[in-house]
Amino acid sequence: MEIMKKTFSIKDVPYRRIGDLELQLRIYEPEEGTTNWIMETHGGAWANNDRTSNVVLHESVARIGVGVVGIDFRLSSQAKYPEPLQDINYAIRWFKAHAVDLGITISKLGGLGTSSGGQQMGLIALKPNDPEYCLAEPELGPFDASIDFFAACWPILDPLARYRMALETGNERLVTNHNKYFEDEDAMERANPYHVLIRGEATHLPPISIIQGTEDNNVNHSWQDLFADQYIALGGECAVHKFKGQPHTFASNNPESPESIEAIKTLQNFIKSQTA
């Protein structure tokens, strides 16, 4: 599929205030206009980064004429699960509810998640109305947090398996970050997109595309195959695209490499196929 490069504008918009903390959205809007949008949750082991972190991916999507919204949410230093996911769920509903105010029309709204952000957006994709993180917000009207498709880049779709891997390999940084975000292993199992599928709890099955390197020390690439197999068995569409020898966050950290260029093209083509 040929990729046409578009120009775009960028603006930041506050969407929620919690005490003294103001959470914002970074909106990339194609200058030619669009009705197709994708909302993104960044990685950082639930502890780092913000709405500005995935510039490479944001701009890659905006250049194909699809609007992008990077989401701020509380980090693990500010709140434990499920509160950060409540922010994300709120952000998606807020964007839908305020589209007219922003001069935006939405025909398709997808989700993009990287690393730990893949775990968060994965839960939104499968269970957008889960009462644990979809709180009653009368000011948002009837809008829900459902998404039409989900692009997952090196996602943590089984945080419990990743935690146990980190324990076994002595990765203290990842162990610490899991313990900061999740109350305990029960929470890791509950807030687990793969286990949501196993338990038969998914209420939505939007098309999913997974981008994964085979030399990722943060994620065993075979976990993505297990997720995809279960997703397809339940009637959903899910494709895993693997890039040989590539580490965690390869396409964002080294965007000029041949593998990263191909991965970004794969991401663009999936999004274009879902918004055509």
Salt-bridge contact K242-E259 (side-chain N to carboxylate O under 4.0 Å): no

Presence of salt bridge, D72 and R51, under 4.0 angstrom: yes

Any side-chain to backbone donor/acceptor pair from [X] onto [Y]? Under 3.5 Å, distance only.
X: K80; Y: N179; answer: yes
X: Q246; Y: S260; answer: no
X: S53; Y: N49; answer: no
X: T214; Y: G245; answer: yes
X: N254; Y: F250; answer: no
X: T114; Y: G43; answer: yes
X: K96; Y: S146; answer: yes

From [X] atom [atom1] to [Y] atom [atom2], the distance as rounded to the nearest 0.5 Å:
X: R162; Y: S115; atom1: CZ; atom2: OG; result: 6.0 Å
X: M121; Y: L126; atom1: CE; atom2: CG; result: 12.0 Å
X: I27; Y: F8; atom1: CD1; atom2: CZ; result: 14.0 Å
X: H221; Y: K244; atom1: NE2; atom2: NZ; result: 11.0 Å
X: N220; Y: D158; atom1: CG; atom2: CG; result: 10.0 Å
X: Q78; Y: K180; atom1: CD; atom2: NZ; result: 11.5 Å

Qualifying residues under side chain to side chain donor-acceptor pair (under 3.5 Å), relative to T35, sequence neighbours excluded: S107

Qualifying residues under side chain to side chain donor-acceptor pair (under 3.5 Å), relative to R164, sequence neighbours excluded: E185

Out of curiosity, does [Y] fall in the hydrophobic cluster containing [X] (side-chain heavy atoms, cut-off under 4.5 Å, transitive links)?
X: I232; Y: L205; answer: no
X: W154; Y: L112; answer: yes
X: L85; Y: I147; answer: yes
X: L167; Y: F182; answer: yes
X: I261; Y: I64; answer: no

Donor on one side chain, acceptor on other, [X] and [Y], under 3.5 Å:
X: Q212; Y: H241; value: no
X: D216; Y: H248; value: yes
X: Y163; Y: E168; value: no
X: T7; Y: E31; value: yes
X: T203; Y: N129; value: no

Could you tell me if the side chain of [Y] sits less than 4.5 Å from the side chain of [X], heavy atoms only?
X: V196; Y: R199; answer: yes
X: E22; Y: Q24; answer: yes
X: S116; Y: P155; answer: no
X: Y133; Y: I124; answer: yes

Pair H42 + F73: ring centers closer than 6.0 Å: yes

Salt bridge (charged side-chain N to carboxylate O under 4.0 Å, His left out) with [X]: which residues, sequence neighbours excluded?
X: D130; result: K127
X: R190; result: E132
X: R26; result: D12

L267/I271 under side chain to side chain contact (heavy atoms under 4.5 Å, CB included): CA gap, chis, key distance, verdict: CA-CA 6 Å; L267 173 67; I271 294 170; 3.8 Å; yes

Stepwise side chain to side chain contact (heavy atoms under 4.5 Å, CB included) check, Q119 with L157: CA-CA 5 Å; Q119 175 262 340; L157 296 174; 5.8 Å; no

Stepwise side chain to side chain donor-acceptor pair (under 3.5 Å) test for N171 and T169: CA-CA 6 Å; N171 190 325; T169 59; 5.2 Å; no

Candidate list E189, Q230, E201, test side chain to side chain donor-acceptor pair (under 3.5 Å), partner H195, passing option: E189

Full working for side chain to side chain contact (heavy atoms under 4.5 Å, CB included) between F270 and I211: CA-CA 11 Å; F270 171 68; I211 292 173; over 6 Å; no

Parallel, tilted or perpendicular: ring planes of Y194 versus F227, cut at 30 and 60 degrees: tilted

Aromatic ring pairing W46/Y181, orientation class (parallel under 30°, perpendicular over 60°, tilted between): parallel

Atom of P128, atom of A145 and distance for their closest heavy-atom approach: CB-C, 3.7 Å

Closest contact, heavy atoms only, E40 versus N54: OE2-ND2, 2.6 Å

More than 12 heavy atoms from other groups under 6.0 Å of CD on E237: no

Atom CD of E32: over 12 foreign heavy atoms under 6.0 Å: no

Stepwise salt bridge (Lys or Arg N to Asp or Glu O under 4.0 Å) test for D144 and R93: CA-CA 5 Å; D144 72 3; R93 290 186 285 160; over 6 Å; no

Worked check of side chain to side chain contact (heavy atoms under 4.5 Å, CB included) between I38 and V69: CA-CA 6 Å; I38 191 164; V69 183; over 6 Å; no

Under the ring pair (Phe, Tyr, Trp, His ring centres under 6.0 Å) test, residues paired with F95 that sit two or more places apart: W37

